Every structure is written in C-alpha cells, then in structure tokens.
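Structure, as structure tokens:
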Amino acid sequence: MPAARFAANAEQGRRPSSGSTIARRAASALTAAMIGVAVAATSLPLPALAKGPESLADLAEKVTDAVVNISASTTVEAKSTGRSLPQLPQGTPFEDLFEEFFKRRGQQGTPRSDEDSPRSPSRKSNSLGSGFIIDASGIVVTNNHVIGDANDIQVILSDGVKLKAEIIGKDSKIDLALLRVKPTAERPLKAVPFGDSDKMRPGDWVMAIGNPFGLGGSVSAGIVSARGRNIESGPYDNYIQTDAAINKGNSGGPLFNMDGEVIGINTAILSPSGGSVGIGFAVPSGTASPVIDQLRQFGEVRRGWLGVRIQNVDDATAEALGLKGGAKGALVAGIDEKGPAKTAGLEVGDVIVKFNGVPVKSSTELPRIVAATPVGKTVDVLVVRKGEEQSKSVLLGRLEDGEKTQVANAKQPEPETVNRQILGLNLSGLSDEARRRYNIKDTVKSGVVVTKVDPNSTAADKRIQPGEVIVEVGQEAVAAPADVTKRVEALKKEGRKSVLLLVASTGGDVRFVAIGLD
C-alpha cells in the first residue's frame with residue numbers, strides 16, 4: 001500500500017485488521033531491508049578488473065629497430081625424390097599448402113633411401129629466426145639452433161637492409177649464439193639493453209618481437225605466466241614461461257618488459273600443432289647475460305666443474321639422512337675419480353646444501369650455480385654427512401675438460417638402426433646415416449628418429465613428421481626404439497590414457513606432443 005493512502009485511512013478511523021497490519025509491517029520491513037542492501041551495495045567499491053596497458057605502440061616503436069631477422073644457409077647434400085616439393089624455407093606460411101598440393105598427386109616429398117634414388121647436386125638449406133642488437137658496434141644475440149652449422153648468415157634489419165654476419169661464439173647448453181655485423185655510416189645500428197629478469201613476476205606484462213613464419217617483424221604481447229620452468233631441454237633449464245604469442249621463427253628474438261629492456265630470449269614453445277597455444281619459453285636475461293659476456297670475451301663459455309653426479313632429495317631421503325629442515329640440497333650419487341670433488345674429499349651420500357655461499361634448494365639448482373662460478377676459483381661447499389654439517393674447500397675445474405674425460409673413458413653404444421613401429425610411428429636409432437639423410441643438426445644430441453608416420457594415426461594429426469627426433473617419452477629420455485616401446489608399455493600398465501612426447505625438429509626446436517594410448 002502506498003504511504004499516502006495508508007495515512008488517509010488512519011485519519012478516517014478505519015483501522016486495518018491485525019493480520020493485515022502484520023503483513024504490512026513485514027512488507028515495510030522487507031522493503032527497508034532491500035533498500036538498505038541496495039544502498040550498502042552501491043557504497044562498496046567495484047571489484048578490480050585485470051587491465052593491460054592502453055597501447056604498446058610507443059614501446060614497440062622505441063625498440064623495433066633493434067630487433068632483426070636472421071637468415072642462415074647451410075650447404076647440404078640433397079637426395080633426389082623425383083619430383084619433390086619446392087624448396088621453401090621451413091616454417092613459411094605456404095609450406096603446408098604446397099605439401100598438401102603435392103601429396104594429392106602422390107608426391108610425398110619425404111627423403112628415400114640411397115638405394116631408391118640417385119644422388120643430386122648439393123643445395124642450400126635455409127632457416128629463419130630472430131635476434132636483437134645489444135651493442136651499436138654490431139653485436140647481435142640469437143639462438144644457437146637458429147644458426148646451427150650455417151656457413152652463410154645474414155642479419156636483416158627492420159628496414160630490409162641485409163648485413164653479412166660472422167659468429168663470435170655460441171653455446172648449445174643455453175642455446176645462445178653471438179654474431180657480429182659491420183654497420184655503415186649511412187645506417188647506424190640501434191641497440192637495446194638487458195633488464196633484470198629476477199624482478200619479473202607472474203602477471204607482469206611483456207612484449208615479444210620476432211620473425212614468425214618468415215613474416216618479418218611482428219609484435220605480440222602477454223604476461224609472464226611462470227618463472228623457473230624446467231622443460232628438460234638441457235642441464236641449466238630455468239625458463240620464463242609466457243603466453244605472448246611465440247611461433248616458429250620467433251626463436252632468438254627478445255622478450256621485453258614495459259621499460260623496453262630485454263628480460264628474456266624466446267627459445268621454445270609447447271605446442272601440439274606446431275603453432276602458438278599460449279605456452280612459450282624464454283631464456284632469462286639473468287641466465288643469458290653471463291654467457292654472452294664470456295662469448296664476447298673468449299669466444300666460448302668457460303663453466304665451472306665439480307665432478308659429481310647428483311639426484312634430488314625427497315622427504316623420505318631427508319629423514320633417512322638426518323637432514324634438518326626437510327628435503328633440500330643435492331644428494332651426491334657419484335663422484336668422478338679425476339674431478340675436483342674427489343680431491344676435496346666429497347663422498348657419495350653427502351648432501352650439498354650450500355655452494356660458494358649460495359643455498360642449494362634442489363638438485364636442479366646446483367648445476368647452474370656451479371656452471372656460473374669461474375673456473376679455477378676455490379669455493380667453500382657445505383655438505384651434510386651423517387646428519388652433521390661439514391665444509392669442504394674445492395678448486396673448481398672446467399666443465400668441458402671434465403666432459404672430454406668422461407667421453408674418452410665411456411664406451412659409446414651404437415645406435416639401434418632396426419625400425420620399430422609404435423604409436424603410428426616407424427622409429428630408428430639416431431645414427432650418422434640418419435643425421436645425413438634428414439639433415440639433423442648436431443644440437444639434437446640424442447633420441448630416436450621418426451622414419452615414417454601412419455597417415456591415419458594421431459601422430460599424423462599432431463603433425464609429427466619423418467626426420468623429427470623423439471627425445472623423451474613420458475618425461476624419460478630415450479636413446480633407442482626399444483626404449484620407446486618399453487616406456488609406452490609401462491605407461492599403459494600404469495593406466496595412463498596418453499603419453500607425452502618431447503619431439504625435436506631437424507633444426508633442434510623442441511615441442512611437447514600428447515598421443516593417446518587407446
């Protein structure tokens with residue numbers, strides 16, 4: 001009842017019934033409560049909404065001239081397949097179009113064995129990537145896998161000017177390469193600085209610029225998704241993960257913070273299709289900068305070597321070893337007889353909890369800490385032995401010398417060359433013949449070669465191709481076709497519905513591919 005009418009009835013002496021009075025009072029109370037709630041709601045602050053920068057145009061304009069395209073050519077021995085695919089640069093937008101066109105005419109374009117076809121003249125194999133200038137005198141950074149063993153490298157500036165490049169040095173473990181070009185007076189170069197990757201947090205905005213699919217300078221933006229990612233690509237994995245679009249050809253390009261500083265070098269993607277799905281990985285500037293400094297100074301990287309084989313410490317192991325403070329450190333599982341650790345008195349069963357004053361939280365951290373320590377430096381290593389802390393003084397050796405000793409003493413098994421079929425794939429060992437046949441780069445150190453793909457399989461749907469190398473199956477390294485079969489069968493027994501493969505392209509780009517086990 002409206003308030004004015006209710007007042008008029010009261011003056012005329014017509015009292016409503018008690019039931020009506022109660023109902024009206026309840027209705028009034030409810031109305032007041034609703035009004036109170038509405039007022040309270042309007043007085044509360046609105047929830048904050050995620051909002052990115054209004055525009056990245058000024059930032060992109062500021063740094064674009066320092067980002068370059070990399071064209072690397074390698075002379076390889078071609079093998080005739082009759083009428084084959086046109087020789088398009090890998091990753092170009094039209095590669096799939098031409099491949100499908102020729103497949104419909106029965107021309108697969110895949111290499112055949114020496115017995116099936118005669119040798120053809122040598123040809124050049126081209127790869128495209130990205131890079132950026134860090135010194136206006138002509139110093140350019142890119143990925144090692146972008147240049148590989150190329151004997152002709154060109155740096156293409158943002159305005160299309162091409163400059164011939166020479167290699168200053170490269171490092172396969174971090175996947176970095178340093179190039180030098182000669183600028184001209186007419187075309188001075190613009191450089192970009194490194195920023196502090198340690199200050200980046202998940203959620204911070206970043207921008208990537210590169211040469212995806214050979215299209216030239218392209219800008220994409222996103223956020224830092226995570227830090228410290230280990231994608232099992234090398235001994236020093238410590239990647240920044242980003243959802244900024246990174247595709248084939250972006251490798252070697254910069255990942256910028258909002259101040260225009262390079263805080264990462266785009267290196268790998270996780271993709272079931274070969275294209276961006278919002279999971280890209282960049283080498284942090286904090287990891288890359290010391291390596292680049294050594295490449296500039298020595299033309300190579302000189303890493304410290306301790307001479308131990310380590311494994312992670314879990315809760316049960318920590319309790320058994322009497323390790324105070326729970327699981328931490330790196331458990332020494334083996335010691336090189338000629339290594340620095342042996343001389344310093346380290347023993348199997350020691351847990352390294354601090355190295356050169358730096359706490360060791362896990363076994364994955366120790367190799368990075370040791371490698372970053374200068375060769376020939378004497379450092380203190382804190383270990384826990386039988387529940388008691390002990391300090392050892394170690395004179396570090398050089399990693400490359402230690403690796404040469406291990407290789408010389410180890411008997412290298414011959415790769416399994418027999419073909420096996422599983423998951424719709426024909427597999428063979430990574431032999432020298434397979435490397436030549438598919439032009440597999442030396443950056444692909446180990447794994448199993450795909451020699452044939454069933455066109456009706458899930459593997460074909462996921463675009464696995466002959467010549468690619470399966471490096472891991474279910475996050476375990478494989479070195480022979482039998483290893484793949486054994487690992488797949490083990491996963492089936494565990495009740496897994498799919499298996500995750502780490503697949504390397506012939507040029508060394510890696511990606512994860514999930515294959516169903518039905």
Side-chain angles (χ1 to χ4, degrees), residues 111 113 144-145 148-149 172-175 230-237 268 270 308-312 333-334 336 363-364 367 399-400 402-454 457 459 462 464-494 496 498-515 517:
S113 65
N144 177 59
H145 76 257
D149 297 323
S172 61
K173 291 183 173 63
I174 301 295
D175 196 9
N230 182 355
I231 61 173
E232 304 293 339
S233 66
Y236 311 118
D237 279 15
L270 188 155
V308 295
R309 180 167 55 86
I310 58 175
Q311 66 183 63
N312 212 24
D336 192 296
S363 61
T364 58
L399 178 62
E400 281 68 20
E403 290 176 336
K404 290 175 184 177
T405 301
Q406 293 171 2
V407 171
N409 294 336
K411 183 178 180 181
Q412 301 296 322
E414 288 294 322
E416 181 185 358
T417 57
V418 63
N419 267 281
R420 291 174 180 252
Q421 201 280 337
I422 191 169
L423 300 175
L425 303 170
N426 280 34
L427 306 174
S428 181
L430 185 56
S431 61
D432 291 340
E433 193 280 330
R435 286 186 181 275
R436 290 192 298 269
R437 181 182 181 189
Y438 296 107
N439 193 28
I440 300 171
K441 302 296 185 183
D442 291 338
T443 51
V444 183
K445 299 297 183 182
S446 62
V448 179
V449 182
V450 176
T451 59
K452 186 178 179 181
V453 182
D454 184 344
S457 66
K462 295 298 180 69
I464 294 180
Q465 301 176 9
E468 293 189 312
V469 178
I470 298 176
V471 181
E472 292 182 2
V473 177
Q475 296 184 309
E476 288 190 7
V478 292
D483 296 339
V484 178
T485 303
K486 182 178 178 180
R487 183 63 178 144
V488 169
E489 293 302 322
L491 291 172
K492 286 182 177 179
K493 290 181 180 179
E494 293 176 9
R496 300 287 185 89
S498 63
V499 57
L500 191 65
L501 307 181
L502 181 61
V503 181
S505 69
T506 56
D509 290 323
V510 295
R511 72 183 194 278
F512 289 100
V513 179
I515 303 292
L517 294 177

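Source: prediction; values computed, not measured.
Side-chain contact between Ser172 and Asp442 is absent, with no heavy-atom pair separated by less than 4.5 Å. Looking only at side-chain heavy atoms (C-beta outward), Thr506 and Val444 stay at 4.5 Å or farther from each other. With contacts defined as side-chain heavy-atom distances shorter than 4.5 Å, the pair Leu501/Val471 does not qualify. The side-chain heavy atoms of Glu472 and Val478, taken from C-beta on, include no pair separated by under 4.5 Å. Looking only at side-chain heavy atoms (C-beta outward), Leu427 and Val450 come within less than 4.5 Å of each other. The shortest distance between side-chain heavy atoms of Thr443 and Asn144 falls below 4.5 Å. Using a 4.5 Å cut-off on side-chain heavy atoms (C-beta onward), Tyr438 and Val469 make no contact. Residues Ile422 and Val484 meet the side-chain proximity criterion, which asks for heavy atoms closer than 4.5 Å.
Residues satisfying the side chain to side chain contact (heavy atoms under 4.5 Å, CB included) criterion with Ala434, sequence neighbours excluded, are Ser431, Val449. With sequence neighbours excluded, the residues forming a side chain to side chain donor-acceptor pair (under 3.5 Å) with Asp175 are His145, listed by chain and number. The side chain to side chain contact (heavy atoms under 4.5 Å, CB included) check on Ser457 picks up Val453, Asp454, Ala459, Ala460, with sequence neighbours excluded.
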Candidate pair Leu425 and Ile470, rule side chain to side chain contact (heavy atoms under 4.5 Å, CB included), full reasoning: CA-CA 11 Å; Leu425 303 170; Ile470 298 176; 3.8 Å; yes
Run Asp336 and Val308 through side chain to side chain contact (heavy atoms under 4.5 Å, CB included) and show every step you take. CA-CA 6 Å; Asp336 192 296; Val308 295; over 6 Å; no
Residues Val448, Leu430; criterion side chain to side chain contact (heavy atoms under 4.5 Å, CB included); working and verdict: CA-CA 6 Å; Val448 179; Leu430 185 56; over 6 Å; no
Criterion side chain to side chain contact (heavy atoms under 4.5 Å, CB included) on Val473 and Lys486, from CA distance to verdict: CA-CA 10 Å; Val473 177; Lys486 182 178 178 180; over 6 Å; no
Do Glu468 and Arg511 pass the salt bridge (charged side-chain N to carboxylate O under 4.0 Å, His left out) test, and can you show the C-alpha distance, the side-chain angles, and the key distance before you say yes or no? CA-CA 11 Å; Glu468 293 189 312; Arg511 72 183 194 278; 2.9 Å; yes
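For the pair Lys445 and Arg435, the tightest heavy-atom approach, listed with the atom from each and the gap, is O-NH2, 3.5 Å. Of all non-hydrogen atoms in Ser363 and Pro367, the two that sit nearest each other are O-CD, 3.0 Å.
With hydrogens and angles ignored, the 3.5 Å screen pairs a side-chain donor or acceptor of Asp237 with a backbone N or O of Ile231. No side-chain donor-acceptor contact under 3.5 Å links Asp509 to the backbone of Ser505.
Rounding to the nearest 0.5 Å places CG of Leu502 at 13.0 Å from CD of Glu476. Separation of atoms NZ (Lys452) and CD (Gln421) is listed at 9.0 Å; rounding is to 0.5 Å.
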